Amino acid sequence: MAEKKAFYITTTIPYVNAPPHIGFALEIVQADILARYHALLGEEVFFNFGSDEHGVKIYRKALEEGKTPQAYVDEYAAKFDALKGTLNLSYNAFTRTTDPHHKAAAQEFWKRCHVAGDIYKKNYQIKYCVGCELEKTDSELVDGKCPLHPNLELEVIDEENYFFKLSKYKQPLLDLYAAYPELVVPDFRFNEIKKFIENGPEDFSISRLKEKMPWGVPVPGDDSQVMYVWFDALVNYISTLGWPEDEKNFEKFWGTKEKPNGLQMAGKDQIRQQAAMWQAMLMSADLPQTKQIVIHGFITSGGHKMSKSLGNVINPFAIVEEYGADALRYFLARHVHPFEDSDFTMERFKEVYNADLANGLGNVASRILTLAQTHLPEPVQVELVPYPEEFTEALNNFEINQASEYVWGRIHALDKKITTTEPFKLVKTDAEAGKKLIVELVKELAAIDLLLEPLVPETSKKIIDAIVANKKPETLFPRKE
RNA sequence: CGCGGGGUGGAGGAGUGGUACCUCGUCAGGCUCAUAACCUGAAGAUAGCCGGUUCGAUUCCGGCCCCCGCAACCA
């Protein structure tokens, strides 16, 4: 028997200094839909999620709240892992960067980059605004001062840090981009990173002085430094597979140099880290590249980026509480563009919920199963039908909205079929023909249900259970006024 | 000339080198199996503006105007 095809997918791992918001939900739901889809195709799926738990911001926040950093990240990691239940996710690994195995993997990764000659120490100057208690880059400054505290002089702090030779990888990265024209999806994001690299990337700092900021993975061979959070966090994509010890699992899912197999989902603010830094790091450590990086857009609310100060932050937990996980999953799948920014308002959400879920899917299931329960003596034998090309093609291109649109097109067609063929009349005049027609309708509902499974797994299960029991289900999506 | 995204009927959104699609809303019919639901039809868009390529542009190219990200929280 041929071995199952291995499918690896990972999201970026969220930084745990704030509760999960709708943006995380988007990325993880997209990933979950793809993971479930590939599992249904019969592939062996490894789906990674996790939490990024080191760094100065977390360190300070923990101290502010009077907690140890570990207690602080434990609390937040649990909140993110709770998304699994809330959104009905199928990930099989939750990688915490404070996990001992992950830390050891990050250190091994560091050593390999070091052996490759890509890590060096140099003096690093940072400008520090005491008013903000933050480092400031030149691009943030206005007239050489912090725009928020123009009356304060910036402090210049000299620190010796380790650097990664990203500059060395300019040509190798450009070669990589040329060799793998589908490395980054969509194209316009790929162009963005190509241009960035063509302009000559600079080496970046990958460590911090421990004395100043102890909350990080210790740098191998130097007690005075800890890794900069980015370096350690990126390694999670492979530490989750048991790298470096479990070579077999690693190769199976992350692939080989000849045939990379890792699929990464990331937001548009992550292009540099994922498509440049991480790829260069993999080259340096002599490991296979990522096969593909899918960059999604942001969710805006009322036309603006969500922010606490604007008060337009959408809380995914509250939505699930009121409408259920599938309702949110559906919205994110169908009404959020897979690559571009999309707007999310509660008004819009409710409108879509009523139109597509209550009046659409929920109602049509109700219509058909009522007919079946009333007129058919026994459950319809449903058969598995292969996924139609229109659906698979969309999902293979990560166009989850198109795939969903296709499914809802079938739902509308089914409503139409009931109205035009009038089975409810036919059973009265010709019982046999009427029953035959109802069986047909149930079969089409079952076929649609199969397509619904990756998108709205809970609803899909309710419908198939109802078909098997030949019983009208409880109201799937009650109308909301 | 810092980088990138966008401007599609009243509203919100897809899509595309060749009759412009969907949802909501409006108007008029139909149906009764269904979650005051569903089906049909109608009104409503000179596709931001101006040029170019083309037999043909909403779609490709150039210019202009406007909106939104690119500091923090943060995908």
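If you're wondering where the values come from, they're calculated on a predicted model, not measured in any experiment.
The side chain of A:N359 contributes an N or O atom lying less than 4.0 Å from OP1 or OP2 of B:rC38. Neither OP1 nor OP2 of B:rA75 sits under 4.0 Å from any side-chain N or O of A:K268. At the phosphate of B:rC73, neither OP1 nor OP2 sits under 4.0 Å from any side-chain N or O atom of A:K61.
Nucleic acid contact class of A:F477 (heavy atoms, under 4.0 Å, all strands): base. Within 4.0 Å (heavy atoms only), A:G267 reaches sugar-phosphate atoms of the nucleic acid but no base atom.
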> So what's the dot-bracket for RNA chain B: Watson-Crick or G-U pairs under 3.5 Å, [ ] if a pair crosses, | if it pairs off-strand?
Replying inline: .((((((..((((....[..)))).(((((.......))))).....(((((..]....))))))))))).....
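Here the two rings, on A:F46 and A:F7, have centers that are 6.0 Å apart or farther.
The salt bridge (Lys or Arg N to Asp or Glu O under 4.0 Å) pairs that include a residue from residues 402-411 of chain A are A:R410-A:E444, where partners are two or more places apart or lie in different chains.
For RNA chain B, the neighbouring residues in residues 364-373 of chain A, judged by any heavy atom under 4.0 Å, are A:S366, A:R367, A:T370, A:L371. Listed by residue number, there are no residues of residues 318-333 of chain A with a heavy-atom contact under 4.0 Å to RNA chain B. Taking every heavy atom of residues 449-471 of chain A and every atom of RNA chain B, no pair lies under 4.0 Å.
Judged by distance alone with a 3.5 Å cut-off, no donor-acceptor contact links the side chain of A:H335 to the base of B:rA14.
Proximity of A:F80 to A:Y15: side-chain heavy atoms (C-beta onward) are nowhere separated by under 4.5 Å.
Annotation: side chain to side chain contact (heavy atoms under 4.5 Å, CB included) contacts of A:K480 (sequence neighbours excluded): A:E322, A:Y323, A:K350, A:Y353, A:N354.
Comparing A:H296 and A:K416 against RNA chain B, the residue whose closest nucleotide sits nearer the 5' end is A:K416.
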